[in-house]
Amino acid sequence: MTATTAEAARRPRSLNDVKGWFPSLDQVLFDFFLRRQERLGEHGDLLEMGAYMGKSAIFTAAYLRAGERFTVCDLFDAEDAPDENNAAEARKSYSTLTRTAFEQNYLAFHDTLPHILQGTTSIVPGHVDDDTCRFVHVDASHLYEHVESDIIAARDVLLPGGIVVLDDFRSEHTPGVAAAAWEAVFNRGLRPICLTTQKLYGMWGDPGPIQEEMLADDEWRRGMHTSRQEIAGSRVLRFSGKPKNPAAPRSRYADDAPASAPAPKAGRAPAAPAPAGAPRRPGQVRRLAADVLPPVVTRAIRKRRRA
Ligand SMILES: C[S@@+](CC[C@H](N)C(=O)[O-])C[C@H]1O[C@@H](n2cnc3c(N)ncnc32)[C@H](O)[C@@H]1O
């Protein structure tokens with residue numbers, strides 16, 4: 001059966017085609033924590049609160065191992081939000097989201113869907129047992145009351161040594177996340193390991209050994225700027241920059257032609273024409289000269305340039 005143009009247009013050919021907020025810096029950090037857990041033989045479930053179109057969920061699921069469960073919780077529909085502020089937030093920022101869009105994206109990269117909880121994150125504690133998760137990504141509502149309870153839920157479901165990631169902990173437009181994040185640090189025993197532009201990575205345990213590993217691995221930190229900060233006597237690392245993306249899961253549509261444009265012809269793509277009046281680059285001038293001047297003149301010019 002052939003896909004309609006609209007169906008094909010929705011098929012992500014790579015993780016870049018999935019709408020969302022998951023920069024390469026955080027992909028590198030997720031990869032670090034999840035691979036480290038695998039290396040140390042740490043088992044446990046994975047949890048994401050706030051999946052949107054699936055960008056970070058698709059990435060995270062690649063680290064799921066036999067016998068583990070990946071739970072994803074999202075409203076998927078603004079009208080199911082538990083209060084008017086949350087509904088307004090969802091209508092404003094996630095108006096195109098549907099559960100079907102999430103599932104289609106996810107199944108482009110993985111054979112089976114995660115365990116999906118459709119609804120507000122307050123249902124998470126009823127569906128995810130305490131002390132079962134090794135990695136929790138908190139990225140649902142960015143309003144203080146919700147983030148506060150999401151962090152408490154994360155603390156309860158995490159196994160000892162498990163990692164929690166708090167999204168948008170310092171963005172200008174999300175002061176509620178900042179308030180809930182630092183409240184958890186000062187009042188609820190959350191220990192920050194490191195910060196990126198967008199996310200805070202922490203744990204309820206000693207972050208020292210993980211920080212030492214990060215600092216010792218110059219190769220891993222290539223492409224990132226590292227700084228050491230101290231907050232109330234505790235070390236916190238800060239990473240910034242745009243490192244190369246780690247390998248992301250491959251889409252089953254990776255080899256499809258882009259849906260919106262005709263398939264490119266084999267060979268080099270033609271360069272876009274320069275706008276009228278734009279200055280020509282030296283290579284272009286040389287090619288133009290070779291095209292329009294008599295061969296004898298072109299040969300003479302080349303000889304002079306070689307000399
Ligand atoms: C910032 S987006 C998640 C981005 C996603 N992790 C990514 O990588 O692209 C936030 C998501 O949280 C969901 N959301 C908002 N409020 C929620 C709530 N109270 N409970 C569950 N999900 C919620 C929204 O529907 C939206 O999909």
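In each ligand, atom 1 is the first atom listed, and ligand 1 is the first ligand listed. Everything numeric here is computed off the predicted structure, so don't read it as measured data.
- Contact record, L47 with V128: CD1-CG2, 4.3 Å, taken as the closest heavy-atom pair.
- Of all the heavy atoms of Y94, the ones lying under 4.0 Å from any atom of ligand 1 belong exclusively to the side chain.
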Chi angles and distances behind the ring-ring contact (aromatic ring centres under 6.0 Å, His included) call for Y63, F135: CA-CA 10 Å; Y63 300 85; F135 191 88; 8.5 Å; no
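- S56 and E48 form a side-chain donor-acceptor contact under 3.5 Å, judged by distance and modelled atom types alone.
- Annotation for A154 and M49: closest pair N-CE, 4.2 Å, computed over non-hydrogen atoms.
- Residue contact check: G20 has heavy atoms under 4.0 Å from atoms 9 (O) of ligand 1.
- Interatomic distance, CG of D156 versus SG of C133, reported as 11.0 Å (0.5 Å rounding).
- With contacts defined as side-chain heavy-atom distances shorter than 4.5 Å, the pair F33/I210 qualifies.
- There is a side-chain donor-acceptor pair under 3.5 Å between S171 and D168.
- Atom 3 (C) of ligand 1 has D139 O, 3.4 Å as its closest protein atom, hydrogens excluded (heavy atom only).
- Atom 22 (N) of ligand 1 has its closest protein heavy atom at L75 N, 3.3 Å.
- Under a 4.0 Å N-O distance rule, the pair R134/E38 does not qualify as a salt bridge.
- The protein heavy-atom contact nearest to atom 7 (C) of ligand 1 is S56 OG, 3.6 Å.
- With a 4.0 Å cut-off on non-hydrogen atoms, D167 does not touch ligand 1 at all.
- The nearest heavy-atom contact from the protein to atom 15 (C) of ligand 1 is S141 N, 3.6 Å.
- For ligand 1, the polar-atom distance check finds an N/O of Y52 within less than 3.5 Å of one of the ligand's N/O atoms.
- Nearest heavy-atom pair across R13 and D256 is NE-O, 2.7 Å.
- Close approach to L97 involves these atoms of ligand 1, each under 4.0 Å from a residue heavy atom: 25 (O), 27 (O).
- Here the closest non-hydrogen pair linking D45 and G67 is OD1-O, 4.5 Å.
- The single protein non-hydrogen atom nearest to atom 20 (N) of ligand 1 is T121 N, 3.0 Å, given as residue, atom name and distance.
- Of all protein heavy atoms, the one lying nearest to atom 12 (O) of ligand 1 is A140 CA, 3.3 Å.
- The protein heavy atom nearest to atom 25 (O) of ligand 1 is D74 OD1, 2.7 Å.
- The distance criterion of under 3.5 Å between nitrogen or oxygen atoms is not met by K55 with respect to ligand 1.
- Residue contacts with ligand 1 include G119, since one of its heavy atoms falls under 4.0 Å from the ligand.
- Any N or O atom pair closer than 3.5 Å counts here, and F76 shares no such pair with ligand 1.
- Neither the backbone nor the side chain of D168 comes within contact range of ligand 1; no heavy atom lies under 4.0 Å.
- In this structure, S251 and R11 have side chains that are not in contact, with every pair of non-hydrogen atoms separated by 4.5 Å or more.
- Of the candidates Y106, F76, W21, Y52 forms a ring pair (Phe, Tyr, Trp, His ring centres under 6.0 Å) with just one, namely W21.
- Regarding atom 19 (N) of ligand 1, its nearest protein heavy-atom neighbour is N86 OD1, 2.7 Å.
- At least one heavy atom of A51 sits closer than 4.0 Å to an atom of ligand 1.
- When only interatomic distances are considered, the shortest N/O to N/O separation between G50 and ligand 1 falls below 3.5 Å.
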